[in-house]
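These notes are about the structure you will find just below.
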Amino acid sequence: MFTIFAKIKDRVEAFLNEKNIVTDCLNKIEEKTGIKKRYLALGAAGVTGAYLLFGYGASLLCNLIGFVYPAYYSIKAIESPDKEDDTQWLTYWVIYGFFSVGEFFSDIFLHWFPFYYVCKCLFLLWCMAPVSWNGSQILYRHMVRPFFLKHEARVDEMVNNIGGKAMSAAENATREVLQTLVRNRTIGPAEPGARRLPSSAPAEPTVD
């Protein structure tokens, strides 16, 4: 248990020592108030937790927590030569996607739960925790991966069929539009003839 907290503390310390928008703001506040930025971060975490319990717009804040931090480290993983962190954050995004789809259908019932957004935030934090047994790794190994390997061929067949039908439908729609345009141009009203230019020869005099 102490090892878990030590790893989380090390990750937080590493984040606070990096140069980014958050640490720049914390450094400026630390200079003006004299309060160390680690305590400022701890206070911000406490305020965030209280807001998730009682504040308005807790859903947006919870989604930002589950998106901004992983997105930041996903970009860093893409830019780094190490591929292990790429796998880590890809696994997180797979679980986040499944969770978002499930939440879309169950949110109408779950958002009435008193501590729903706190539980959701803790779940997302568990999924992105800097430990080998974090939520995304456990859920992927025990649920997503076995289901995917069992139904991979069928899913590939469905995806290929859907892609082929979509391509065929797009081609048919394009062909129908082109044929309609050609047909309308062919049977449309003839353009009025060009106006005759006035003759340059002098008009013959009329005889009374």
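Note that the structure is a prediction, hence the values are computed from the model and not measured. Excluded from the calculations below are hydrogen atoms, water molecules and symmetry mates; all remaining heavy atoms, backbone and side chain alike, are included.
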### Task
Would you mind reporting whether Tyr116 and Glu103 have side-chain heavy atoms less than 4.5 Å apart?
yes

#### Entry: Atom CZ of Arg141 with >12 non-hydrogen neighbours under 6.0 angstrom
yes

### Message
Could you see if Val155 belongs to whatever hydrophobic cluster contains Val144? Use Ile, Leu, Val, Met, Phe, Trp, Tyr and a side-chain cutoff under 4.5 Å.
### Response
no

### Message
Rounded at 0.5 Å granularity, tell me how far CD in Glu79 sits from CG in Asp86.
### Response
10.0 Å

### Query
How long is the span from the CG atom in Leu139 to the CG atom in Asn134, to the nearest 0.5 Å?
9.0 Å

### Task
Look at the aromatic rings of His151 and Phe147 and report parallel, tilted or perpendicular, splitting at 30° and 60°.
tilted

### Task
Evaluate the side-chain proximity of Phe148 to Val94: yes if any heavy-atom separation is below 4.5 Å, no if none is.
no

### Query
Which pair of non-hydrogen atoms, one from Cys121 and one from Cys62, has the smallest distance, and what is that distance?
N-SG, 3.6 Å

### Query
Does a side-chain heavy-atom distance below 4.5 Å link Tyr96 with Met128?
no

### Query
Between Ser74 and Trp93, which heavy-atom pair has the shortest distance, and what is it?
OG-NE1, 2.8 Å

### Task
Would you kindly confirm whether Val101 and Phe104 end up in one hydrophobic cluster when ILVMFWY residues are joined by side chain heavy atoms under 4.5 Å apart?
yes

### Query
Honestly curious: do Leu64 and Ile95 fall in one hydrophobic cluster under the side-chain, below-4.5 Å linking rule?
yes

### Task
Measure the spacing between NZ of Lys76 and CD1 of Ile78 and express it to the nearest 0.5 Å.
13.0 Å

### Query
Hey, does Leu90 have a side-chain heavy atom less than 4.5 Å from the side chain of Tyr140?
no

#### Entry: Any side-chain heavy-atom pair of Tyr72 and Tyr69 under 4.5 Å
no

### Atom of Thr87, atom of Thr91 and distance for their closest heavy-atom approach
O-OG1, 2.7 Å

### Task
For residues Asp85 and Ser80, report the shortest heavy-atom separation together with the two atoms involved.
OD2-OG, 3.0 Å

### Task
Give a yes or no on whether Trp89 and Ile75 share a hydrophobic cluster (residues Ile, Leu, Val, Met, Phe, Trp, Tyr; joining criterion: side-chain heavy atoms under 4.5 Å apart).
no

### Query
Out of curiosity, Leu149 CG to Arg145 CZ, how far, rounded to the nearest 0.5 Å?
5.0 Å

### Message
Side chains of Leu124 and Ile65, heavy atoms from C-beta outward: is any pair under 4.5 Å?
### Response
no

## Note on the structure
Correct closest heavy-atom pair for Ser136 and Cys127 would be OG-O, 2.9 Å

